[in-house]
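Below you'll find the structure, written out as structure tokens, and then a few comments.
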Amino acid sequence: MAKEYKSFSMELAGRTLRVEVGHVAAQANGAALMYYGDTCVLSTATASEKPRDGIDFFPLSVEFEEKMYSVGKIPGGFNKREGKASENAVLTARVIDRPMRPLFPKDYRNDVTLNNLVLCVDQTCSPELTAMLGSAIATCISDIPFDGPCAMTQVGLIDGEFVINPSNEQKSVSDLALTVASTREKVIMIEAGANEVPEDKMIEAIYAAHDVNQEIIKFIDQIVAECGKEKKDYEHYAIPEELNAAMKELFPPEAMEEAVFADEKQTRDANIRVIKDKLAEAFADKEEWLPLIDDAVYQYQKKTVRKMILKDHKRPDGRAIDQIRPLAAEIDLFARTHGSAMFTRGQTQICTITTLAPLSDAQKVDGLNEFVTSKRYMHHYNFPSYSVGETKPSRGPGRREIGHGALAERALVPVLPSEEEFPYAIRTVSETFESNGSTSQASICASTMSLMAAGVPIKKPVAGISCGLVTGDADDDYLVLTDIQGLEDFFGDMDFKVAGTHDGITAIQMDIKIHGLTRPIVEEAIRRTKQAREYILTEIIEPCISEPRKEVGEFAPKIQQIKIDPSKIGDVVGQKGKVINQIIDETGVKIDITDDGAVSICGVDKVGIQKAIDMITMIVSDFEEGCIYTGKVVSIKEFGAFLEFAPGKEGMVHISKLDKKRVNHVEDVLTLGDVIKVKCMGKDKMGRISFSKKDAE
């Protein structure tokens, strides 16, 4: 018998969103089979029965599984099954995680996994958005404690008009890629990439999405009312009041304020270590308290810092609420890299190195979006343990590193030159030398300078800055902080990152730890970041390097482009690549040819580039009567000599055309390897092109 299940549907941006509950995955705590148009995603929420021992955080895992069968593909490579998560999958999982994590209880310690399996993709309906909604619905109808619902909407901007939940084709021409998550009253997450969208327009787009989210939340409420399970109770985690009281007796609030009120992170960390050591010594006879000391001190620090900021308007390093830490900018740190720059903000220091390469080195993308098949600009971000004074082995980039790299990449893409203007693949790598908050935004500033130093003709410089937030008990009791450092990020309620040019926003990423932001907070954060961004651009970046260098550096590859008749591409390539490989071997260049006849010649040596251009030009040109050509003797016969003018392009000089006097043997005039000039005499009686050495002298 077919399984009975419930189906719910609503119209969302001109397409039908349908949710099936009870059809599949019945053993999960919550499961929703999501259909948006023809896109289908199975979203499940599961939780462990008991909390994980020995942790002081909520262990949430979010997965977005891209399956190639969903778009009718077999995975590439030798192993014909999906491998590790793609960058898009990692970024999608992060976007789902960020708005949902704050809605779980703060003291919940059970493992929770939100899994999204992409089963079918309709290019007009985003599987990422479908998974976001599916995760929220699956969690809301489950028995897992969760203060939902929340909803997500994507917004595009095409010809000045907002497009709700744009298709992949629309996204490819949109000036805005915005995702907004909301609860019933407030915005809880913002992620955006934009082509210099003005601040007022961005705020308008955010709240257009927020309005759509309210309709989705009403729809989720209907599903929960019919299918929702009763929420389970759980083991609450709290520091015993006796421990808190004993700790405050040893270290009253004034002592904790003195410990955390320090300019340097190292000094503050040392002060806190002293407090922990003294507490461990004092509580030696209370073994049950010893494992709780770290968390107890953390919570005490948090309350102290929040009180200092919100009530006293004091920041741990003594800055004013809207003051940026000391800034410094440098370029050309290394002699032979193509471009390098370093940006320092307080104890945050990023060095970005730019590498230029031919377009053939662009990254190939094998994903679910048929409109994204390659990436010509790649930004990679690294966060080694030494940057925060820790000792850990390097295990490659994690989700945080991938997310920060993608944010910086998104911020810079709008100002990059087109392939026609600058036919290079571009890679920037941001190395974190020192970290005390907002390294992702520092990497945007360093990358802007590095690109300009490398001679990449970006349209405008981009800068990024982050704002924080500390809230009280009421919606109007809050304080926005400009340029938050690590402690303010850890203990605060928000990390609102905004990047852009003088003229508009290019990227936003907002993380919060509370149940959403009111509109006044969002507007003030955007206003503050604009002020700070203008200062960084005008006072720091532009005095260091005001515009891109006119040429790429000495050690960077030089690329020249020529256009040829597409019908001649085969002549340039030759049978099995013989002709093009000969050109490459002789000149030491790299050659890329597109189907429309655009030929890019790349090399460090300008002489080699020009030689390759001359060869290709000769191959695709027709011999003209009366013109002088230079060829190399490659074969000698009794009746004449064969010359090679370019790889794969030959002609013959008859023995009678070798000299003005009679020549009895070709070898009397020529030897193999001679390079000579000849004149094209037009076609002979047989219709062949004839050449003359004697008429070229």
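Counting from 1, the numbers follow the sequence of the chain as shown.
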Kindly list each side-chain donor-acceptor pair under 3.5 angstrom involving residues 111-121, sequence neighbours excluded, with atom names and distances?
unit_1 : atom_1 : unit_2 : atom_2 : d
Asp111 : OD1    : Arg52  : NE     : 3.3
Asp111 : OD1    : Arg52  : NH2    : 2.4
Asp111 : OD2    : Arg52  : NE     : 3.4
Asn115 : ND2    : Glu65  : OE2    : 2.7
Asn116 : OD1    : Ser43  : OG     : 2.7
Asn116 : OD1    : Ser135 : OG     : 3.1
Asn116 : ND2    : Glu63  : O      : 3.1
Asn116 : ND2    : Ser135 : OG     : 3.0

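- Note: Arg533 CZ to Gln441 CD = 10.5 Å, rounded to the nearest 0.5 Å.
- Annotation: the span from Ile309 atom CD1 to Ile484 atom CD1 amounts to 9.5 Å, rounded to 0.5 Å.
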- [ ] Starting from the C-alpha separation in whole Å, work towards a yes-or-no answer on side-chain contact (heavy atoms from CB on, under 4.5 Å) for Leu33 and Cys40.
- [x] CA-CA 7 Å; Leu33 190 59; Cys40 181; 3.8 Å; yes
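- With salt bridges taken as basic N to acidic carboxylate O contacts below 4.0 Å, none links Asp175 and Lys201.
- The side chain to side chain contact (heavy atoms under 4.5 Å, CB included) test with Ile526 is passed by exactly one of Ile206, Ile190, Asp200: Ile206.
- Checked options Glu534, Glu196, Lys460; the residue passing with Thr501 is Glu196 (criterion: side chain to side chain donor-acceptor pair (under 3.5 Å)).
- Residue Lys231 qualifies as enclosed at atom NZ: its count of foreign heavy atoms under 6.0 Å is above 12.
- Put simply, the side chain of Val95 does not reach to within 4.5 Å of the side chain of Glu128, judged on heavy atoms.
- Between Glu488 and Arg319, some side-chain heavy-atom pair lies under the 4.5 Å cut-off.
- Side chain of Asp147 to backbone of Leu103: no donor-acceptor contact under 3.5 angstrom is found.
- A donor-acceptor pair is defined here as one N or O able to donate and one able to accept, closer than 3.5 Å; no such pair exists between the side chain of Ser48 and the backbone of Asn110.
- Proximity of Lys171 to Val163: side-chain heavy atoms (C-beta onward) are nowhere separated by under 4.5 Å.
- Arg15 places a side-chain N or O within donor-acceptor distance of the main-chain N or O of Thr124, the cut-off being under 3.5 Å.
- Between Glu82 and Met68, some side-chain heavy-atom pair lies under the 4.5 Å cut-off.
- Here the CD-CD1 distance, from Glu523 to Ile521, works out to 11.0 Å after rounding to the nearest 0.5 Å.
- Counting only heavy atoms from C-beta outward, the side chains of Glu230 and Asp143 never approach each other to under 4.5 Å.
- With rounding to the nearest 0.5 angstrom, the CE atom of Met189 is 5.5 Å from the CZ atom of Arg98.
- Among all heavy-atom pairs drawn from Ala499 and Ala411, the shortest one is CB-CB, 3.7 Å.
- Annotation: salt bridge (Lys or Arg N to Asp or Glu O under 4.0 Å) contacts of Asp97 (sequence neighbours excluded): Arg101.
- Within 6.0 Å of CD in Gln214 there are more than 12 heavy atoms belonging to other residues, nucleotides or ligands.
- Thr471 and Asp493 are linked by a side-chain donor-acceptor pair at a separation below 3.5 angstrom, with hydrogens and angles left out of the test.
- The main-chain N or O of Ile321 is found under 3.5 Å from a side-chain atom of Arg315 such that the two form a donor-acceptor pair.
- When each of Leu481, Leu479, Ile514, Ile512 is tested with Leu469 by the rule side chain to side chain contact (heavy atoms under 4.5 Å, CB included), just one qualifies, namely Ile514.
- Closest of all the heavy-atom pairs between Ser430 and Ser447 is OG-OG, 3.5 Å.
- Ring geometry, Tyr234 versus His236: the interplanar angle falls from 30° to 60°, so the pair is classed tilted.
- We find that Arg109 and Glu235 are not joined by a salt bridge, their nearest charged nitrogen and carboxylate oxygen being 4.0 Å or further apart.
- Scanning all heavy atoms of the two residues, the minimum distance from Cys150 to Ala136 falls at O-CB, 3.4 Å.
- Residues passing the side chain to side chain donor-acceptor pair (under 3.5 Å) test with Lys232, sequence neighbours excluded: Glu49.
- For the residue pair Gln363 / Ser374, no side-chain donor-acceptor distance below 3.5 Å is found, with atom types taken as modelled.
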Open item on the list: Is there a side-chain contact (heavy atoms from CB on, under 4.5 Å) between Ile508 and Phe496? Walk through the geometry before answering.
Closed with: CA-CA 8 Å; Ile508 295 179; Phe496 199 122; 3.9 Å; yes
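- Side chain of Arg399 to backbone of Ala93: no donor-acceptor contact under 3.5 angstrom is found.
- Smallest separation of non-hydrogen atoms from Arg94 and Arg400: NH1-CA, 3.5 Å.
- Listed for the Ser86 side chain is a donor-acceptor partner under 3.5 Å among the backbone atoms of Ala89.
- Annotation: side chain of Ile96 is in contact with side chain of Met132 (closest heavy-atom distance under 4.5 Å).
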- [ ] Please lay out, stage by stage, how Met202 and Leu176 fare under the test side-chain contact (heavy atoms from CB on, under 4.5 Å).
- [x] CA-CA 9 Å; Met202 182 66 76; Leu176 176 65; 3.7 Å; yes
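- No hydrogens or angles considered: nothing links the side chains of Tyr298 and Asp56 as a donor-acceptor pair under 3.5 Å.
- Shown here is Lys186, whose NZ atom has more than 12 heavy atoms of other residues, nucleotides or ligands within 6.0 Å.
- For the atom pair Glu20 CD and Tyr35 OH, the distance stands at 4.5 Å (nearest 0.5 Å).
- Of all heavy-atom pairs between Thr139 and Ala45, the closest is OG1-CB, 3.8 Å.
- Contact of the Val180 side chain with the Thr153 side chain is not registered, since no non-hydrogen atoms from C-beta on lie closer than 4.5 Å.
- The main-chain N or O of Asp489 is found under 3.5 Å from a side-chain atom of Lys513 such that the two form a donor-acceptor pair.
- Other residues, nucleotides and ligands contribute at most 12 non-hydrogen atoms within 6.0 Å of the NZ atom of Lys50.
- Of the possible donor and acceptor atoms, none in the side chain of Arg18 sits under 3.5 Å from a partner among the backbone N and O of Ser7.
- In this model, a donor atom of one side chain and an acceptor atom of the other lie less than 3.5 Å apart for Thr439 and Tyr381.
- By the 4.0 Å N-to-carboxylate-O rule, Arg528 lies close enough to Glu524 to be salt-bridged with it.
- Of all non-hydrogen atoms in Thr348 and Gly437, the two that sit nearest each other are OG1-O, 2.8 Å.
- No side-chain N or O of Thr482 forms a donor-acceptor pair with one of Asp322 less than 3.5 Å apart.
- When atom types are taken as modelled, the side chain of Thr39 and the backbone of Asp122 share a donor-acceptor pair closer than 3.5 angstrom.
- By the 4.0 Å N-to-carboxylate-O rule, Asp295 lies too far from Lys302 to be salt-bridged with it.
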TODO: For side-chain contact (heavy atoms from CB on, under 4.5 Å), just list the numbers for Leu517 and Ile188, CA-CA rounded to whole Å, side-chain angles, deciding distance to a tenth of an Å, and then say yes or no.
DONE: CA-CA 6 Å; Leu517 303 180; Ile188 196 168; over 6 Å; no
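- When atom types are taken as modelled, the side chain of Ser174 and the backbone of Leu157 share a donor-acceptor pair closer than 3.5 angstrom.
- Lys497 is not listed as a side-chain neighbour of Ile444, based on a closest heavy-atom distance of 4.5 Å or more.
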